[in-house]
Amino acid sequence: MTEPSATASVEVAVDPGTAFEVFTAEIDQWWLRNPISFFDSGRVSAMRIEPGVGGRVLEVYTADDALELASITVWEPGVRLGYRSSVDDTETSVDFEPVAGGTRVTVVQSLVTDDGNAFYFWPRVIRWLPDWVGRRAAASGQPPREIERLSIALYYDDPAAAARWLHEVFAIDSWDTLPAEGENPMWIELHVGHVAVLLFKRTGPRPTAVDHNVWVYVDDLDAHFARVQAAGAKILTEIHSHGYRCYEAEDLEGRPWTFAQARPTMG
């Protein structure tokens, strides 16, 4: 049976009026452009919220083609946004509450029929908002971030634990929010530059032999090596040079990673 509702909150370091403006007018900047954040990721070009009651939430494909995701029912800038979904049987309310240091943004997505269909994506998606608020000044005027055409998928017994370990030990970041203890999302997305590293749960036995290696270029190889060594990760080869400087280390499930010195011209 589908749960009747889903609720999630984040805090952002701007006032409620700005938070509302960011949430609505800048949704195309903070909505992650990855393969599984859209109904048709192969065609999507933008996300858009049309202002005012009667406006629409749109997944835009071309100037003349878009998927209506919802219709706006409440438009109170700095206070509340409400809409009725066009793709499932839910209503969503987004409240903007002033708190010390900024605004608490709370999303409640609720079923409107007893046996309806619900895509409860907001508990994950709302976590993308604080990252954009934190970097929007520096990113002003720049196009939304896009992942590269190549992504890497890795399979772990415990993907959430692996994500935290890779972040803490190997300093692999994420545009998303890393899962906390007890959270087990269907997928986890880390990022090296604009390349996505997707973590999934292993469904079969571990391979008896490793047949691949992940390469990551870092700005300061010596500092990165010191960090990984201090964290207790198994070092397979120390820093060495073959026209490039690199070293190899194992992650928490024995998979080898190679870290190499980035060129100054690398983005």
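In what follows, residues are counted from 1 in the order of the sequence shown. Any value given below was found using the heavy atoms of this structure, including those in side chains, with hydrogens, waters and symmetry copies removed.
Under the 4.5 Å side-chain criterion, counting only non-hydrogen atoms from C-beta, Q109 is in contact with D88. The shortest side-chain heavy-atom distance between V12 and L129 falls under the 4.5 Å cut-off. Inter-residue side-chain proximity for W165 and I172 is flagged as unmet; no heavy-atom pair is nearer than 4.5 Å. The shortest distance between side-chain heavy atoms of E253 and R202 falls below 4.5 Å. Residues D222 and I239 are in side-chain contact: their nearest non-hydrogen atoms beyond the backbone lie under 4.5 Å apart. Residues I49 and I72 form a side-chain contact, since some pair of their non-hydrogen atoms from C-beta on lies under 4.5 Å apart. Taking 4.5 Å as the limit, every side-chain heavy atom of V10 sits out of range of all side-chain heavy atoms of R104. Side chains of F20 and T103 form no contact here, defined as non-hydrogen atoms less than 4.5 Å apart.
In this structure, the side chain of D89 engages the main chain of N117 through a donor-acceptor pair within 3.5 Å. No donor-acceptor pair closer than 3.5 Å links the side chain of K201 to the backbone N or O of M186. Counting only distance, with no hydrogens or angles, the side chain of R33 and the backbone of S45 share a donor-acceptor pair below 3.5 Å. Side-chain atoms of H194 come within 3.5 Å of backbone atoms of E146 as a donor-acceptor pair (strictly under, hydrogens ignored). Looking only at distances, no side-chain donor or acceptor of H191 sits under 3.5 Å from a matching main-chain atom of A196. When atom types are taken as modelled, the side chain of N213 and the backbone of T258 share a donor-acceptor pair closer than 3.5 angstrom.
Salt bridge status for E26 with R136: present, with a side-chain N to carboxylate O gap under 4.0 Å.
The number of heavy-atom neighbours closer than 6.0 Å to CZ of R127, taken from other residues, nucleotides and ligands shown, is above 12. Counting heavy-atom neighbours within 6.0 Å of D15 CG, excluding the residue itself, gives a total above 12. At most 12 heavy atoms of other shown residues, nucleotides or ligands fall within 6.0 angstrom of atom CD in E181.
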Working for side chain to side chain contact (heavy atoms under 4.5 Å, CB included), residues T92 and L81: CA-CA 8 Å; T92 297; L81 170 72; over 6 Å; no

W128 and D176: CA distance, side-chain angles, deciding distance, side chain to side chain contact (heavy atoms under 4.5 Å, CB included) verdict: CA-CA 6 Å; W128 304 340; D176 203 343; 3.0 Å; yes

Derivation of the side chain to side chain contact (heavy atoms under 4.5 Å, CB included) call for V99 and E11: CA-CA 8 Å; V99 296; E11 293 189 7; 4.0 Å; yes

Verdict with reasoning, Y244 to W215, per ring pair (Phe, Tyr, Trp, His ring centres under 6.0 Å): CA-CA 13 Å; Y244 55 88; W215 280 61; 5.7 Å; yes

Candidate pair Y156 and L166, rule side chain to side chain contact (heavy atoms under 4.5 Å, CB included), full reasoning: CA-CA 12 Å; Y156 290 92; L166 292 171; 3.9 Å; yes

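N184 CG to D158 CG: the interatomic distance, rounded to the nearest 0.5 Å, is 6.5 Å. With rounding to the nearest 0.5 Å, the separation of OG1 in T18 from CZ in F96 is 11.0 Å. The distance from atom CG of L69 to atom CZ of R56, rounded to the nearest 0.5 Å, is 10.5 Å. With rounding to the nearest 0.5 angstrom, the CG atom of L58 is 6.5 Å from the CZ atom of R48. One finds the CD atom of E59 at 6.0 Å from the CE atom of M47 (value rounded to the nearest 0.5 Å). Separating the NE2 atom in H167 from the OG atom in S174 is a distance of 9.0 Å, to the nearest 0.5 Å.
When hydrophobic clusters are built by joining Ile, Leu, Val, Met, Phe, Trp and Tyr residues whose side-chain heavy atoms come closer than 4.5 Å, directly or via intermediates, V14 is grouped together with I27. When hydrophobic clusters are built by joining Ile, Leu, Val, Met, Phe, Trp and Tyr residues whose side-chain heavy atoms come closer than 4.5 Å, directly or via intermediates, Y217 is not grouped with V214. No continuous path of hydrophobic side-chain contacts links L199 to L32 [ILVMFWY only; heavy atoms under 4.5 Å]. By the criterion of side-chain heavy atoms lying less than 4.5 angstrom apart, applied directly or through intervening Ile, Leu, Val, Met, Phe, Trp or Tyr residues, V216 is grouped together with I188 in one hydrophobic cluster. Residue V218 is not grouped with residue L236 when hydrophobic side chains (ILVMFWY) are merged at heavy-atom distances under 4.5 angstrom, including chains of intermediate members.
Scanning both residues, E250 and A233, for their nearest heavy atoms gives O-CB, 4.0 Å. When all heavy atoms are compared, the tightest approach of S85 to A70 is CA-CB, 3.9 Å. Contact between A180 and R164 at its shortest, heavy atoms only, is O-NH1, 3.2 Å. Here the closest non-hydrogen pair linking F225 and I235 is CE1-CG2, 3.8 Å. A13 approaches V133 most closely through the heavy-atom pair N-CG1, 4.2 Å. Taking each heavy atom of A231 and V169 in turn, the nearest pair found is CB-CG1, 3.7 Å.
Looking at R206 and Y155, their side chains never bring a donor and an acceptor atom within 3.5 Å of each other. Side-chain contact of W175 with D131: a donor-acceptor pair under 3.5 Å is absent, judged by distance alone. No donor-acceptor contact under 3.5 angstrom links the side chains of S110 and E91, judged on distance only. For the residue pair D95 / T106, no side-chain donor-acceptor distance below 3.5 Å is found, with atom types taken as modelled. Inspection of the H240 and E238 side chains reveals no N or O donor paired with an N or O acceptor under 3.5 Å.
Taking the six-membered ring for Trp and thresholds of 30 and 60 degrees, F119 and F39 have ring planes more than 60 degrees apart, a perpendicular arrangement. The aromatic rings of W31 and F121 stand perpendicular to each other, their planes meeting at an angle above 60°, with 30° marking the opposite boundary. Using the six-membered ring where Trp is involved, F259 and W257 have ring planes that are parallel, under 30° apart on the 30 and 60° scheme.
A cation-pi arrangement is present between R43 and Y61 under the rule of less than 6.0 angstrom and at most 45 degrees off the ring axis. Because its NZ or CZ atom is both nearer than 6.0 Å to the ring centre of W187 and within 45° of the ring axis, R124 counts as a cation-pi partner of that residue.
Looking at H224, Q261, Q229 one by one, the single match for side chain to side chain donor-acceptor pair (under 3.5 Å) with Y247 turns out to be H224.
Aromatic rings of W75 and F23 (six-membered ring for Trp) have centroids beyond the 6.0 Å cut-off, not under it.
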